[in-house]
Amino acid sequence: MSSNKLALIRYKIIDECLRQRHRKWTLENLMEKVANGLYELEGINSGVSKRTIQGDIQLMRSNKLGYEAPIVVTDKKYYTYSDPEYSISNSPISSTDMDKMKEALDVLKQLSGFSFFNEMTEMIVKLDNKILSSQDNKEGIVQMEGNNLLKGLEWLTPLYKAIKNEIPLLIRYKSFRSLSENTEIYFPYLLKEYRNRWFLICKKKKSQGLTNLALDRIIEIDEMAKSNFEAYNGVNFERYFADTIGVSKTERDRGNKIVLKFEANTAPYIETKPLHHSQQVLKKEDDGSIVIRIDVVHNLELEREILGFADCVEVISPRILRNRIKKRIAKNLAQYSDSEPNKN
């Protein structure tokens, strides 16, 4: 049990006592009441010291917690509220807490896809209105990347629930490379986002390895009997994807030593925003260019990451990746061989 939670329990008990105007509360009475409350609520039977209760009262009186409780002492020994209507449960929110709530609300309003956020819409609107009524109306200062036109977001909630409750799924799916749809039973394990696109990491029934399904290619989902679920017993997914850019990886894939050279204008960007957490700067050239190393799986996402830097990067090694990027650039260059695009 955290000390912060125990302190909040003590404040609440003291508050309940001081609101009872029909009896008088000495420090010893408050100590006894708090000790009994801690035992009933948390099973703590060590009691509570006079110094602790005195400290709690001082904190409740102060603005440190935003309470500013009007606690007074009468007849030099009885504690009570000077305002009979006061309670810490209805004390106003401090300006600092209000600012923090506004910042959190700005972030929360950006989230979409999961239906439980949609279910919170009314509460968010009420909270937003409450916050705005207590401060000047200001524009939001947080804007997260999003694509409301992206297909497949409606599957986030059912997939999340299936993973949480270990429910096998019958999924009708059509990949980009397939000419027809396929319907298979999958065991869902993880939802993973990469560049604002969602993927389901799962295992096909009667298959050994993991696979990933793009949510925007899912056509239909049906729940199967929960008793037939096959749990994932592999390595932790944080470790599984530690050597991966994106989501494309098999359980046999391992990170490779990738050496890249970036020209001078791009070097500061790469140093301040590494391509991967394994990134090391191997060499800084006199012209400002840099040579870096990353240890990642060679997959399609890696190639796209490299191609995204166009003429600002050169693949030094491995040779297979260098040749692969070279061929893709040559193919792309061939598309610009004519002076005018083919309008047909």
Side-chain angles (χ1 to χ4, degrees), residues 1-111 116-117 119-142 144 164 238:
M1 173 65 60
S2 69
S3 58
N4 287 340
K5 183 175 180 181
L6 292 179
L8 290 174
I9 293 174
R10 296 197 306 270
Y11 304 150
K12 188 174 186 298
I13 296 173
I14 293 173
D15 177 65
E16 291 173 350
C17 292
L18 300 185
R19 290 176 61 194
Q20 297 178 30
R21 314 288 291 186
H22 62 278
R23 64 167 291 182
K24 295 181 178 181
W25 296 94
T26 65
L27 199 59
E28 289 73 19
N29 295 148
L30 293 175
M31 289 169 55
E32 181 182 2
K33 196 70 174 179
V34 170
N36 291 339
L38 289 175
Y39 177 73
E40 293 176 5
L41 295 172
E42 302 296 334
I44 298 174
N45 57 8
S46 57
V48 62
S49 69
K50 180 184 292 186
R51 184 176 180 180
T52 296
I53 299 300
Q54 288 174 327
D56 291 343
I57 290 173
Q58 285 300 108
L59 279 172
M60 292 172 68
R61 281 171 170 163
S62 73
N63 189 39
K64 188 173 182 180
L65 300 174
Y67 295 150
E68 294 184 324
I71 301 175
V72 296
V73 181
T74 62
D75 298 332
K76 297 183 179 180
K77 63 178 178 178
Y78 299 118
Y79 290 81
T80 188
Y81 284 141
S82 60
D83 179 1
E85 302 299 321
Y86 179 85
S87 172
I88 62 173
S89 61
N90 58 25
S91 60
I93 301 174
S94 69
S95 58
T96 300
D97 289 339
M98 187 68 73
D99 289 341
K100 291 179 180 178
M101 289 174 63
K102 181 66 169 66
E103 292 172 7
L105 183 62
D106 285 341
V107 174
L108 186 60
K109 287 159 70 175
Q110 300 288 334
L111 299 173
F116 36 77
F117 285 118
E119 293 165 4
M120 293 171 65
T121 299
E122 184 178 354
M123 182 192 73
I124 292 172
V125 171
K126 290 180 180 178
L127 179 59
D128 195 21
N129 183 64
K130 181 70 174 179
I131 292 173
L132 292 177
S133 66
S134 63
Q135 61 179 194
D136 294 333
N137 191 2
K138 298 179 181 179
E139 293 185 4
I141 58 174
V142 176
M144 298 171 66
K164 182 180 179 181
E238 291 291 335

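- Partners of L41 under the side chain to side chain contact (heavy atoms under 4.5 Å, CB included) rule, at least two apart in sequence or in another chain, are I9.
- How far CD1 of I13 is from CG of N36: 8.5 Å, rounded to the nearest 0.5 Å.
- To the nearest 0.5 Å, atom CE of residue M31 and atom CD1 of residue I14 are 11.0 Å apart.
- R21 has its side chain within reach of T80: a pair of non-hydrogen atoms, C-beta onward, lies under 4.5 Å apart.
- Put simply, CZ on R23 and CG on L18 are 11.0 Å apart, with the number rounded to the nearest 0.5 Å.
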Apply the test side-chain contact (heavy atoms from CB on, under 4.5 Å) to residues T26 and Y78: give CA-CA distance (whole Å), side-chain angles for both, the deciding distance (0.1 Å), then the verdict. CA-CA 5 Å; T26 65; Y78 299 118; 3.6 Å; yes
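- With sequence neighbours excluded, the residues satisfying side chain to side chain contact (heavy atoms under 4.5 Å, CB included) with S46 are I44.
- Annotation: side chain of L27 is in contact with side chain of I57 (closest heavy-atom distance under 4.5 Å).
- Note that NZ of K24 and CG of N29 are 11.5 Å apart. Values are rounded to the nearest 0.5 Å.
- Closest heavy-atom contact between W25 and C17: NE1-O, 2.7 Å.
- By the 4.5 Å heavy-atom criterion applied to side chains, D15 and R19 are counted as neighbours.
- Contact check for L59 versus Y11: side-chain heavy atoms found under the 4.5 Å cut-off.
- Across all non-hydrogen atoms, the minimal contact from A35 to G47 is CB-CA, 4.0 Å.
- Taken from NZ in K33 to CG in L30, the straight-line distance is 10.5 Å, to the nearest 0.5 Å.
- Taking a 6.0 Å sphere around CZ of R51, one finds it holds 12 or fewer heavy atoms contributed by other residues, nucleotides or ligands.
- Take E28 and apply the salt bridge (Lys or Arg N to Asp or Glu O under 4.0 Å) test, not counting sequence neighbours, and it matches K50.
- When atom types are taken as modelled, the side chain of D75 and the backbone of K77 share no donor-acceptor pair closer than 3.5 angstrom.
- I71 has its side chain within reach of Y81: a pair of non-hydrogen atoms, C-beta onward, lies under 4.5 Å apart.
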